[in-house]
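What follows is a short report on a single structure.
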Amino acid sequence: MSSIGQGSTGREVSLHAGQMMEMGTKVVGGTSAGKGGTTHLGVPVFNTVADAVKATQANASGIFVPPPFAADAIMEAAASGIKLIVCITEGIPIQEMIRVKEFLRSYPSARLIGANCPGLITPGVGKIGIIPQRITSAGPVGLVSRSGTLTYEVASALTAAGMGQSTIVGIGGDPVLG
């Protein structure tokens, strides 16, 4: 899987994209309107998701944009051919997410995790989002949670008990989810 970061030059995505790359996630680019043609964290920055997909064949995206822009970012990712969309942004208005859900019906191969989620991680392999690798360990237990904080607590408790995780997915706790 090849991932981009939408909002790639912002503070939050810079921190987490760096951690994603350190872990082994294949981050091939990012988007930030008006900053196309530059690089950030050693990867190219594009003005649009369509440009990023065309240049890199990315098939996953982590969305770290502010709430007023997040719904459009989700729809842009789907329309550009992204198959796995992970939206970390919280506080997206409910009406906007209803519009996103309707829009995504036209893109059945796109899968949305979130919004308002910590993302997903396969310990020792890769992640998209903000789940800290240090609280996870590889193993057979799968974990899906609506709460970011409880996702961290359960992953940490499983690791402390010697029960590694295969994949952890935080689906988000907003009223309208992907």
Suppose we screen for salt bridge (charged side-chain N to carboxylate O under 4.0 Å, His left out). Which residues come up paired with Glu96, at least two apart in sequence or across chains?
Arg99
Indicate if Ile113 and Ile121 have the same hydrophobic cluster label, given that clusters are the connected sets of ILVMFWY residues with side-chain heavy-atom separations under 4.5 angstrom.
yes
On a heavy-atom basis, which atom in Thr56 and which in Ala52 lie closest, and how many Å separate them?
OG1-O, 2.6 Å
Determine, stepwise, if the pair Thr48 / Lys54 fulfils side chain to side chain contact (heavy atoms under 4.5 Å, CB included).
CA-CA 10 Å; Thr48 68; Lys54 182 177 179 183; over 6 Å; no
Out of curiosity, does Ile82 fall in the hydrophobic cluster containing Val45 (side-chain heavy atoms, cut-off under 4.5 Å, transitive links)?
no
Rounded to the nearest 0.5 Å, the SG atom of Cys117 sits from the CD1 atom of Ile130 at a distance of 8.0 Å
Of the non-hydrogen atoms in Cys87 and Ala70, which two are nearest, and what is the gap between them?
SG-CB, 4.4 Å
Would a hydrophobic clustering, with Ile, Leu, Val, Met, Phe, Trp and Tyr connected at side-chain separations under 4.5 Å, put Ile171 with Val100?
no
Output every pair passing ring pair (Phe, Tyr, Trp, His ring centres under 6.0 Å) with a member in residues 83-141, not counting sequence neighbours, ordered by first then second residue.
Phe103-Tyr107
Kindly say whether Leu84 contributes a backbone atom to a donor-acceptor pair with the side chain of Arg111 at under 3.5 angstrom?
no
CE of Met20 to CG of Leu15: how many Å apart, nearest 0.5 Å?
11.0 Å
If I take atom CG from residue Leu104 and atom CD1 from residue Ile85, how far apart are they, to the nearest 0.5 angstrom?
6.0 Å
Extract all donor-acceptor atom pairs below 3.5 Å that involve side chains of residues 61-69 and protein atoms in other chains or at least two apart in sequence.
unit_1 : atom_1 : unit_2 : atom_2 : d
Ser61  : OG     : Gln6   : OE1    : 2.7

Hey, can you pull the donor-acceptor pairs under 3.5 Å for the side chains in residues 154-164, sequence neighbours left out?
unit_1 : atom_1 : unit_2 : atom_2 : d
Thr159 : OG1    : Ile135 : O      : 2.8
Thr159 : OG1    : Ser137 : N      : 3.4
Thr159 : OG1    : Ser137 : OG     : 3.4
Thr159 : OG1    : Ala155 : O      : 3.0
Thr159 : OG1    : Gln165 : NE2    : 3.1

Test side chain to side chain contact (heavy atoms under 4.5 Å, CB included) on Ile88 and Asn116 and set out the steps.
CA-CA 5 Å; Ile88 308 306; Asn116 187 22; over 6 Å; no
More than 12 foreign heavy atoms under 6.0 Å from CD of Gln19: is that the case here?
yes
Residues that Thr151 engages under side-chain hydrogen bond (donor to acceptor under 3.5 Å, both in side chains), provided they are two or more places apart:
Ser145
Is Val144 linked to Leu177 within one hydrophobic cluster, defined over Ile, Leu, Val, Met, Phe, Trp and Tyr using a side-chain heavy-atom separation of less than 4.5 Å?
yes
Which heavy atom of Pro175 sits nearest to which heavy atom of Ile94, and what is that distance?
CG-CD1, 3.8 Å
Applying side-chain contact (heavy atoms from CB on, under 4.5 Å) to Ser80 and not counting sequence neighbours gives Val49, Ala50, Val53, Glu76
CA sep, side-chain torsions, deciding dist, call: Ile4, Val28, side chain to side chain contact (heavy atoms under 4.5 Å, CB included):
CA-CA 6 Å; Ile4 60 169; Val28 296; 4.1 Å; yes
Could you grab the distance from atom CD1 of Ile92 to atom CG of Asp174, nearest 0.5 Å is fine?
7.0 Å
Test side chain to side chain donor-acceptor pair (under 3.5 Å) on Lys127 and Thr25 and set out the steps.
CA-CA 6 Å; Lys127 74 174 187 170; Thr25 304; over 6 Å; no
May I have the step-by-step check of side chain to side chain contact (heavy atoms under 4.5 Å, CB included) for Ser14 and His40, ending in yes or no?
CA-CA 8 Å; Ser14 294; His40 186 68; 2.6 Å; yes
Rounded to the nearest 0.5 Å, what separates atom OG1 in Thr38 from atom CZ in Phe46?
9.5 Å
What's the separation between atom NZ in Lys83 and atom CG in Asn59, rounded to the nearest 0.5 Å?
8.5 Å
Is there a path of hydrophobic side-chain contacts, each under 4.5 Å between heavy atoms of I/L/V/M/F/W/Y residues, joining Leu41 to Met23?
yes
